[in-house]
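Have a look at the structure below before the remarks.
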Amino acid sequence: MTDIRTGRPATLAPNGMVTCPHSLASAAGVDVLRAGGSAIDAAIAASSSLSVLYPHMTGIGGDAFWLIYDARKKQVRYLDGGGRATQGGTIEAFTKRGLSEVPYRGVLPGTLTVPGAVASWAEAHAAYGRLPLGRCLETAIGYARDGFPVTKRLAHWREIARGELAKSPEATAIFLQEGAVLRNPDLARTLQSIARDGWSGFYEGDVAKELVRWSERNDGFFTPADLSAQKARWGEPLVGSYRGVTIYETPAPTQGFAVLEMLNLLEPLGMKDKPFLGPDYVHSMIQAKQLAYHDRDRHLADPRFTEVPMARLISKQYADERRTLMDPAQAIPWDRIPSYGSLAGDTVYIAAVDKEGNAASLIHSLYGGFGAAVVAGRTGVVLQNRSAYFSLDPKNPNRVEPGKTPLHTLIASLAFRDDTFWAAVGCMGADGQPQIHLQTYIAMIDHGRDIQEALETPRFLSGRFALGEARDTLHMEGRFPPETVAEMKRRGHPVNQWGAWNELAGHAHGITVEPASGLRIGGSDPRSDGAAIGY
């Protein structure tokens with residue numbers, strides 16, 4: 001008999017695969033692969049479909065970051081689709097409005113940074129697309145125009161955001177109507193404009209005019225010059241190693257370096273020899289997280305504006321120095337390793353691999369649930385609230401400045417074994433994202449779990465979800481062994497025990513490639529509405 005260690009088996013396919021947090025979006029990506037599209041085409045199809053189907057977590061009013069593997073050139077490239085702050089987005093602008101911090105919801109955070117996702121689609125497609133952009137957006141346009149079923153998960157998060165959405169007449173008209181089917185015809189027209197005209201279909205022309213008109217009418221920041229200045233930027237990914245596996249992560253202004261720093265801290269500790277899900281296993285990862293997040297909060301910002309010592313942060317030597325602070329017997333007092341931020345945040349992750357072995361690892365988000373909770377006029381676009389991460393402290397490296405991208409929790413990863421592509425892994429979860437990357441890779445590399453088993457493993461997240469919680473609160477799903485939970489409490493961790501499964505533990509997805517056969521092996525998080533689909 002097969003030893004069943006997972007709720008569902010990993011998906012196996014010989015040619016191509018897409019996984020993301022909504023099964024219809026995964027299907028849209030695979031449909032593009034079958035039509036001859038590349039992994040990048042498939043990722044755009046899934047990303048655009050999620051922008052319609054999963055409006056509480058992502059949308060074309062958000063930002064996106066890519067890692068792309070070019071199988072022919074054996075090259076990993078990084079694409080930065082982070083939105084830039086508007087020219088009017090200054091500390092003084094908020095001071096004049098009587099504000100000491102960037103609001104979490106509303107027009108101000110919604111218009112402080114320009115949406116970057118569409119620019120990233122256009123740039124990635126120009127470099128690696130095989131099918132017309134309109135073909136990649138076809139499914140998304142259809143769901144926006146004709147409607148799609150509201151899942152229980154979407155209905156749940158809509159109820160949570162109802163009070164904020166009700167403040168926006170446009171959001172109310174789209175999201176707060178009763179019925180089993182949701183339609184967004186304005187978004188369909190916006191997507192059609194992008195399908196027809198690419199980058200300019202969003203950042204220029206009628207869509208841009210409506211974004212600016214609505215912003216000006218509501219005391220926002222958008223100007224035509226701000227929109228036309230938004231471009232995606234190619235850069236160099238971060239690269240590290242853990243037990244012979246080479247792992248790429250997205251660089252600053254994202255927090256991808258935290259994954260590599262945590263792996264460096266843990267590598268000499270023999271995680272493979274610690275009982276899986278046992279107290280030493282969990283305790284070691286939490287302490288690595290505390291050290292890495294302290295470094296993140298101290299140093300991470302837009303590297304075009306602030307010097308970020310990235311080479312040092314991801315070096316093995318630096319990890320050796322920081323590891324001396326780890327205590328194997330007790331939780332580290334938070335005042336000794338301070339940190340800030342919140343675990344609350346909503347995002348989608350998409351992995352796609354095509355027949356030729358090209359891979360896309362794409363993270364795309366509005367930040368909070370339904371972003372800024374405003375829809376920009378007749379565009380149907382939900383705007384993000386990522387700019388709430390900006391500081392209004394002039395001494396803070398992450399202070400708001402025109403043209404600047406805020407600190408981003410969004411990260412994506414790719415991994416290689418023996419210089420051969422092995423895995424694409426990513427997740428939602430704001431500050432939880434590096435922790436989920438870490439737990440997934442450790443489960444696969446050190447304990448032999450396949451991608452689906454790794455994603456279904458009981459998950460913990462260290463940090464706070466809301467103001468008032470201790471910054472070192474340890475949230476643990478209920479499937480952890482009782483003796484592990486008890487020992488974590490004894491070591492001084494303030495444990496908050498969830499039920500067996502909790503969506504707040506994040507939606508993680510991934511694809512691995514079996515080296516001998518080349519089979520694509522897909523995993524999808526049961527905490528989401530997703531599926532790994534291949535052909």
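Start at 1 with the first residue, then count along the sequence. Computed from heavy atoms alone, side chains included, the values below leave out hydrogens, waters and symmetry copies.
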Item checked: Ionic contact status for D431 with R296, cut-off 4.0 Å -> yes
Item checked: Step-by-step salt bridge (Lys or Arg N to Asp or Glu O under 4.0 Å) determination, R233 to D80 -> CA-CA 5 Å; R233 304 169 290 276; D80 176 347; 3.3 Å; yes
Next item on the list: Mind listing the closest non-hydrogen atom pair of C136 and S48 along with its distance?
Entry: O-OG, 3.8 Å
Notebook entry, point to check: Taking 4.0 angstrom as the limit, do R183 and D146 come out as a salt bridge?
Noted result: no
Next item on the list: Apply side chain to side chain donor-acceptor pair (under 3.5 Å) to T379 and D186, showing your working.
Entry: CA-CA 5 Å; T379 65; D186 287 341; over 6 Å; no
Notebook entry, point to check: Is it true that the NZ or CZ of R77 lies under 6.0 Å from the centre of W66's six-membered ring and within 45 degrees of the ring axis?
Noted result: no
Next item on the list: Would you check, one step at a time, whether the test ring pair (Phe, Tyr, Trp, His ring centres under 6.0 Å) holds for H408 with F65?
Entry: CA-CA 10 Å; H408 257 278; F65 296 87; 4.7 Å; yes
Margin query: Less than 4.0 angstrom from a charged side-chain N to a carboxylate O is my criterion; do R130 and D354 meet it?
Written below: yes
Notebook entry, point to check: Backbone N or O of P115 within a donor-acceptor pair of the Y203 side chain at under 3.5 Å?
Noted result: yes
Checklist line | Minimum side-chain heavy-atom gap V375-I174 below 4.5 Å | finding: yes
Margin query: For K231, I'd like to know if atom NZ has over 12 heavy atoms of other residues, nucleotides or ligands within 6.0 Å.
Written below: yes
Note to self: Quick check: F175 with F370 (ring centres under 6.0 Å apart)?
What the structure shows: yes
Next item on the list: Might you work through the salt bridge (Lys or Arg N to Asp or Glu O under 4.0 Å) test for R527 and E456, ending with a clear yes or no?
Entry: CA-CA 9 Å; R527 303 169 186 85; E456 292 191 12; over 6 Å; no
Notebook entry, point to check: Can you say whether the rings of Y54 and H507 are parallel (under 30°), tilted (30 to 60°) or perpendicular (over 60°)?
Noted result: tilted
Check: Ignoring hydrogens and geometry, is there a side-chain-to-backbone donor-acceptor pair from Q439 to Q435 under 3.5 Å?
Finding: yes
Notebook entry, point to check: Do Y349 and S361 have a side chain donor and acceptor closer than 3.5 Å?
Noted result: yes
Donor-acceptor list for residues 411-429 side chains, cut-off 3.5 Å, not counting sequence neighbours:
| residue | atom | partner | partner atom | Å |
| --- | --- | --- | --- | --- |
| S413 | OG | V425 | O | 2.8 |
| S413 | OG | Y441 | OH | 2.7 |
| T420 | OG1 | D418 | O | 3.4 |

Next item on the list: Determine whether the side chains of S387 and T113 contain a donor N or O and an acceptor N or O closer than 3.5 Å.
Entry: no
Next item on the list: Take V181 and V150, measure what side chain to side chain contact (heavy atoms under 4.5 Å, CB included) needs, and give me the verdict at the end.
Entry: CA-CA 6 Å; V181 175; V150 177; over 6 Å; no
Next item on the list: Return the orientation label for the H447 and F276 ring planes: parallel under 30°, perpendicular over 60°, tilted otherwise.
Entry: tilted
Notebook entry, point to check: Checking S193 side chain against G201 main chain: does a donor-acceptor pair fall under 3.5 Å?
Noted result: yes
Checklist line | pair L187-I60: side-chain heavy atoms closer than 4.5 Å | finding: yes
Checklist line | Contact summary for L265 and P268, nearest pair of heavy atoms | finding: O-CD, 3.7 Å
Notebook entry, point to check: If you look at every heavy atom in F257 and A292, which pair is closest and at what distance?
Noted result: CZ-O, 4.1 Å
Notebook entry, point to check: Taking atom types as modelled and ignoring hydrogens, do the side chains of W199 and E204 form a donor-acceptor contact shorter than 3.5 angstrom?
Noted result: no
Next item on the list: Check whether any side-chain heavy atom of R459 sits under 4.5 Å from a side-chain heavy atom of H475, and report yes or no.
Entry: no
Notebook entry, point to check: Could you go step by step and tell me if E514 and S517 meet the side chain to side chain donor-acceptor pair (under 3.5 Å) rule?
Noted result: CA-CA 6 Å; E514 205 281 321; S517 64; 2.8 Å; yes
Note to self: With a 4.0 Å cut-off on N to O distance, would you call R386 and D63 a salt bridge?
What the structure shows: no
Check: Can you tell me if R84 uses its side chain to pair, donor with acceptor, with the backbone of T405 under 3.5 Å?
Finding: no
Next item on the list: Return yes if a side-chain donor-acceptor contact under 3.5 Å exists between E503 and H156, otherwise no.
Entry: no
Can you give each donor-acceptor pair under 3.5 Å made by side-chain atoms of residues 16-32, sequence neighbours left out, with the distance rounded to 0.1 Å?
| residue | atom | partner | partner atom | Å |
| --- | --- | --- | --- | --- |
| T19 | OG1 | H509 | ND1 | 3.4 |
| T19 | OG1 | G523 | O | 2.9 |
| H22 | ND1 | L24 | N | 3.1 |
| S26 | OG | C20 | N | 3.2 |
| S26 | OG | A531 | O | 2.7 |
| D31 | OD2 | R135 | NH2 | 2.8 |

Item checked: pair M57-L50: side-chain heavy atoms closer than 4.5 Å -> no
